[in-house]
Amino acid sequence: MDAWAGRIGVVSGRYHSHGENDAPETTIELFGRCEDGASICLLVSGLRPTFEIATMGKRSKDDPITDAELHRIEVLRQRSDIVDVRGPVWKWTDLGEKPVWTVEAIQPFNVPSLRTDLIKQSWMIYSGDIPFVNRLFLDNDIGMHLAIEGHIVDSREWDDEDDVHKINVMKHGGVGRYAVDRTVAVTLEHVKQSEPFPVPWRILSYDLETSIAHNTILCAAVWVEDMATGDRRVYEYKGAEDLIMEQMTKMVRNEDPDIITGYNIDNFDFPRMVERMEHHTSRKQWKARSNLLGWGRTPHLETECNRSRTGVLPRRQSNRAWNLGGRAIVDAWWQARQALKPQRETLSFISKLLFPDQEDMQKMDIDASNMDVEWANRPDEVMEYCVRDAALPLDILHAIQAIRRKEAVAAVAKVPFETASNGSTSQLLDSLVVRLADRREVAVPLTGSAEAKEGQITGGYVHDVEAGLHPWIAVLDFKSMYPSIMIGHNVCYTTRIDPSHPEQPGDDDEIHTSPTEAMFWSTSYRKGLVPTLLEDLMGQRDEHKALLKQARQDEQAEKEEFHDAMQYAVKILMNSFYGVFASGFYRFTHKDLGSSITAWARHNIKAIIQKLDEEGHHVVYSDTDSIFVRSPVAEGSPSVLREDDDQETIDAYEAAKQAMIDFGLEVAQRYSKDSAVLEYEKGLSVFFSHGAKKRYVGQVVYPSEEMLIRGYETQRTDSFEYLTTAMKQTFQYALTDDGDALIQHALETVAAVKKHEVPARRLILAKSCKGRVDSNGVVDFTKDYARPESMAQVRAAKILIERGLGFTPGMKISYVVTNASNRPMQVHPWIESEDDGGIPGYDGRFYAERLAAALGRITEAFGWNAKELFAGNRQTSLFSF
DNA sequence: CTGGTGCCCTAC
DNA sequence: TTAGGTAGGGCACCAG
């Protein structure tokens, strides 16, 4: 058999159980792509399913193992469903140091029932809910980029008329011939971590056009791209529905992509294909089902069709991401929504946003709401449209660098690509925390074993804002506040001092006591897992940032992109720690962790605010980890420069700016203490707020020149463009203290919309709309909304559904208010393909009122309130009440 | 008209 | 069945 060595990127993994009960074997199948471009299935043998047990109750190293305990272990060893019991090893637990035995089960799927049984027999279970594939990543300390030394057991080009290769694959623990270029067998010890490298993924993007009348698939288009070269190929399918599906399935298995994408495939294309598969076949016809939709990397087998996850057929558990054996399914809609937070979420809107110059990409030449007629009359154009819509998701994923960013997250968290793209935050952290716990001999509790968190913990402190304009504001920020608190105070599940714990500090022990009175060991006694990991991540980030800078200098674009993605991934991961550890369910959670972190944060920031105030430096605003403080500049210093200003004024402005910078840097230095680093983030020549927390605007003059807006309607995706633009202009005037122009502009914009002089396109509102679609396509809103009919976006969505225009739960619904004089107000969905969105006009009064309300908060500081803005003058309103 | 509730979206 | 957190503003709706 040919030896094979090389580097691979892992998309996802799963396991296959085989062997007899008296000689059970479990093989891990890792799927992915080799550095040379070939796809691969790696068969890893040698890992056995295990978990750990210990006795109940408190314990310390002073309590030796008793004969009774050894007897209990011996009884377990005799059980037919236990292969072996090894140990013990003394490990840290929240109830003291305990001897921990390792129990080997027959197969991974036997673990849950065995676990339950042992709990009934009063055993504590540790590491008992780690998915088997994860065990390999943890034990070998590997991530998604691997270096392998194995041997080839199968290759795509080999003929196999007499099943020789199939039998060989099965002999090495496989389920049969995999639909990959090469299948490589390897033993546990030859699976090693490699340096990260850009994996030459193959991505497939597809789009279906379907009949509105019959739900059938009319045609399909597919693009396949090799990321290494950028080469793309297109496939088109039409004709009988079952033939379309069979041909597509053959193509998928032949092209063998690692990642499958499309626009809204999670909620439309995949559910539709499964539904059509079920229409054409019964559950028993596994072969026919495989032929229609067997897109996984595994052979077409009955067992593969019956797998509830990572099998040959696409599946999903409830509303989570779809899964498929050996490939990752990444919806371009979801990625774009997360990355761009767009105002609207249709494919055409996103395309226009990302590729404004490419008009042919956006041309809407097909009436999707009338697809059956369009297909009957001009099938070629429909196909062209379908081909274009299949290509766009690839362009979108490139534009937002979605794949490389997920790959970087996977590399940092040391998980397969699929876990980074579709998994939860706690899975990413688990990967790092559990592997360190194993190395440190800390027992790993089960998820859900922690005491449930009752109610909410108190969060960050938000200082009241003073309404109005404030000149020369220095903005100071704590650098990674929560992570640095966790490091600085050694906050961890494993360092918390519980009054009932056998391990108690003596008088000489220095400990950290939080404002909530929770106590933590200092690092000199024992350093926590979390502080260790966070420090390591901080170091990694600095490294990548330095290499990024170097690559930029050397103009090495690829390297620059890589280190930027890596440093960003590290940042994301670091910021996830607090949230997961403050959650109620994580395995290493205790309610004191989260509340201590936020208590320290509030304590620190309030102390600084008070000290600054005592020094005479007024703090105008503060939120969680930031402080906005008035700088001591010369009295009468200008904070705005105008074109005709004389040199003296310019000099005074520059002097004030310099004073602010000096002040900011000085304060940052003086108030930084150990790991709590206060940074001088930026300087504002003017800061404005109407007096509401989390809503402000500022003119940044250091380190760059820009307008900074937070919270206001300009930042919100459920506002309308006309308001957003008007408000931005208003802020410009506010920051230059030009009250007259500000009021004039506000009055004009309100008056214009009142008189219907504004095109409806500028008044589109959009809000996310939940709902559940059942198998018949009926949408139920009552599970998500207390009163669905009272939600404007639901009413608009119902009109869309009625007209056969499709509805995706979670997607934004665009609508225009057509009549707000009655409650609930009348709304109309905006339909891009129709003239003027297919709406019968708009309610000018409604929009004028909303605009006046929003702008009125700003203009109030300049003497005009919302009612006056709406009326258009101040006099009448004085007498109107 | 007012106050309470449900919901969305944002800042950190 | 399903997994990062809390603080906060503001809108629409609805009961009284």
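- Salt bridge D843(A)/R845(A): absent, no basic N to carboxylate O contact under 4.0 Å.
- K479(A) and S484(A) form no side-chain donor-acceptor contact under 3.5 Å, judged by distance and modelled atom types alone.
- E713(A) and R857(A) are joined by a salt bridge, as a carboxylate oxygen and a charged side-chain nitrogen come within less than 4.0 angstrom of each other.
- The aromatic rings of H512(A) and W600(A) lie perpendicular to each other, with more than 60° between the two planes, well past the 30° mark.
- Ring-plane geometry between Y847(A) and Y842(A) is classed as perpendicular, the angle between the planes exceeding 60 degrees on a 0 to 90 degree scale with a lower cut at 30.
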Could you go through nucleotides 5-7 of chain B and list every protein N or O atom that sits under 3.5 Å from one of its N or O atoms, giving the distance for each pair?
from: dC7(B); atom 1: OP1; to: A786(A); atom 2: N; distance (Å): 2.8

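- The side-chain tip of K606(A) points at the ring of Y461(A) from less than 6.0 angstrom away and within 45° of straight on.
- For the pair K867(A) NZ and dC1(B) C1', the interatomic distance rounds to 10 Å; values are reported in whole Å.
- Within the 4.0 Å cut-off from OP1 or OP2 of dT10(B), at least one side-chain nitrogen or oxygen of T717(A) is found.
- Annotation: the span from Y815(A) atom OH to F720(A) atom CZ amounts to 10.5 Å, rounded to 0.5 Å.
- Remark: P of dC12(B) and CZ of R602(A) are 18 Å apart, rounded to the nearest angstrom.
- Note: NZ (K812(A)) to P (dC8(B)) measures 11 Å, nearest angstrom.
- Nucleotides of DNA chain C that come within less than 4.0 Å of any heavy atom of chain A span, from the 5' end to the 3' end, dT2(C) to dC14(C).
- Two rings, from Y712(A) and H690(A), have their centers less than 6.0 Å apart.
- Nucleotide dG4(B) forms a pair with dC13(C), judged by Watson-Crick or G-U wobble geometry with both contacts under 3.5 Å.
- Ring planes of F581(A) and Y586(A): perpendicular class, angle over 60° (limits at 30 and 60°).
- Nucleotides dG4(C) and dC12(B), compared at atom P, are 23 Å apart to the nearest Å.
- As rounded to whole Å, 10 Å separates atom C1' of dC9(B) from atom NZ of K341(A).
- Looking at residues 474-483 of chain A, you'll see that no heavy atom sits under 4.0 Å from any atom of DNA chain B.
- In the model, D536(A) has a side-chain atom that pairs as donor or acceptor with a side-chain atom of Q540(A) under 3.5 Å.
- Where F628(A) and R337(A) each meet DNA chain B at their nearest nucleotide, the meeting point lying more 5' is that of R337(A).
- Protein atom CD1 of I709(A) is 14 Å distant from nucleotide atom P of dT10(B), rounded to whole Å.
- Under the 3.5 Å distance criterion, with hydrogens and angles disregarded, no donor-acceptor pair is assigned to the side chains of T717(A) and Q343(A).
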